[in-house]
S.K.: 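The following block contains the structure, expressed as structure tokens.
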Amino acid sequence: MKCKYVFEKMEIDDQIMAVPLNTENEEFHGVLRLNETAAAIIDLLQEETTEEDIIENLLKAYEGDRNEITSYVQACLEQLKEAGIVE
Amino acid sequence: MVFQIGIAGKIMELHTLYDWTFQMCRAYIVEKAQPDYVVKTSLTDIEFERLQEGSDVQSDGYLESLAVYRKISEALLEDQTFLMHGSVIGIGDQAVMFTAPSGTGKTTLTQLWQRHIPEAYVVNGDKPLLRVDGEKTYVYGTPWCGKENENTNCSAVLKAICFLKRGDSNSIRKINAMQSVSMLMGQIYRPKDQEKMRKTVKLMSDLMKTVEFYHMTFQNYEDLLLMDGEAALLSYQTLFSIYQER
């Protein structure tokens with residue numbers, strides 16, 4: 001799976017926002033508001049990857065229980081798929 | 001034809017097929033200057049603008065002028081300058097921008113400012129260029145300024161951007177940068193080239209550190225004659241008294 005959009009991140013008032021760069025023929029024209037973990041997921045999704053790869057990467061980067069991180073990643077991917085951001 | 005204009009602090013050498021752009025740029029013409037950028041248009045560029053307009057009724061000369069401004073805007077990204085949709089009003093060397101989708105009332109509000117605030121002038125009525133330079137953003141008058149042709153060949157320090165919306169009464173409130181991002185994205189020119197779009201996003205992020213943001217509800221009666229100065233005076237007092245405190 002992969003993001004349909006190339007995202008550029010910017011920081012506003014200590015929040016991370018991600019702006020899509022290639023929306024011309026696509027449906028998503030909004031801006032993503034992300035926490036640090038979600039921003040890391042978006043970064044990983046800029047290339048072809050799998051749910052398991054994302055989980056393993058986050059486990060290496062952050063302290064956390066595998067089950068917790070798995071649940072978080074699954075919820076995040078679900079939201080991104082519903083928004084049409086991940087295919 | 002070939003001619004040069006001074007725009008957003010730079011010299012542009014323009015090579016055009018028609019003289020429409022030359023005529024509209026008369027107040028910005030410079031003679032025999034060393035150009036910072038050279039912009040050339042082609043029939044392909046004109047056809048691209050025709051497709052964007054979605055109409056066959058516009059002249060090739062007019063469409064070419066749109067192509068010229070698109071190319072100027074994209075070239076100036078190299079100089080921390082980008083294009084935005086909005087009406088910019090100046091008071092002295094400071095300015096504020098009202099931005100909103102077309103038809104909301106930017107032009108009407110601009111006209112009310114001109115009627116009720118004697119020292120107000122229009123920097124650019126429709127498509128200003130903005131240059132971010134450290135802690136300040138400068139906004140420029142250009143010949144591309146909307147059908148009312150309201151512009152002043154000058155620059156001013158942009159102090160605030162106000163997002164306008166129609167409502168049942170006139171009110172204005174300050175909002176934070178987070179609340180502004182989506183609205184701002186909708187009014188900034190977004191190049192199709194990804195690297196240029198990346199530069200635009202970076203400039204937008206820099207812009208947001210230099211200006212205040214406001215949201216204004218505007219009671220627009222459509223007929224200017226029916227409107228008093230309340231909206232203009234309310235926004236003037238809010239936007240410029242905040243500036244004075246800074």
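Below, chains carry the letters A, B, ... as their sequence lines are ordered, and counting in each starts from 1.
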S.K.: With A:M17 as reference, evaluate B:M178, B:M204, B:M208 under the side chain to side chain contact (heavy atoms under 4.5 Å, CB included) test and give the passing residue.
M.R.: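 In the set B:M178, B:M204, B:M208, the residue that makes a side chain to side chain contact (heavy atoms under 4.5 Å, CB included) with A:M17 is B:M178.
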
S.K.: Under the side chain to side chain contact (heavy atoms under 4.5 Å, CB included) test against B:M197, which residue among A:V6, A:L21, A:N22 passes?
M.R.: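 Per the side chain to side chain contact (heavy atoms under 4.5 Å, CB included) rule, the option paired with B:M197 is A:L21, out of A:V6, A:L21, A:N22.
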
S.K.: Checking side-chain contact (heavy atoms from CB on, under 4.5 Å) for the pair B:K202/A:M10: CA distance, chi angles, key distance, verdict?
M.R.: CA-CA 7 Å; B:K202 173 72 172 60; A:M10 56 180 183; over 6 Å; no

S.K.: Near A:E47 CD, under 6.0 Å, is it more than 12 heavy atoms from other residues, nucleotides or ligands?
M.R.: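 12 or below, so no.
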
S.K.: Which atoms of B:M185 come close to chain A, meaning under 4.5 Å heavy atom to heavy atom: side chain ones, backbone ones, both, or neither?
M.R.: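 Just its side chain gets close to chain A.
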
S.K.: For side-chain contact (heavy atoms from CB on, under 4.5 Å), just list the numbers for B:Q194 and A:E8, CA-CA rounded to whole Å, side-chain angles, deciding distance to a tenth of an Å, and then say yes or no.
M.R.: CA-CA 10 Å; B:Q194 279 189 28; A:E8 178 72 8; over 6 Å; no

S.K.: As an exercise, state the distance from NZ of B:K209 to CG of A:D13, rounded to the nearest 0.5 Å.
M.R.: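 Taking NZ in B:K209 and CG in A:D13, the distance rounds to 10.5 Å.
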
S.K.: Count the heavy atoms belonging to other residues, nucleotides or ligands that lie under 6.0 Å from CD of A:Q79, then report whether that count exceeds 12.
M.R.: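 Incorrect, the count does not exceed 12.
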
S.K.: Counting only heavy atoms not in A:E36, do more than 12 sit closer than 6.0 Å to its CD atom?
M.R.: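 Not more than 12 within 6.0 Å, no.
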
S.K.: Is atom CG of A:D65 surrounded by more than 12 heavy atoms (other residues, nucleotides or ligands) closer than 6.0 Å?
M.R.: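 More than 12 within 6.0 Å, yes.
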
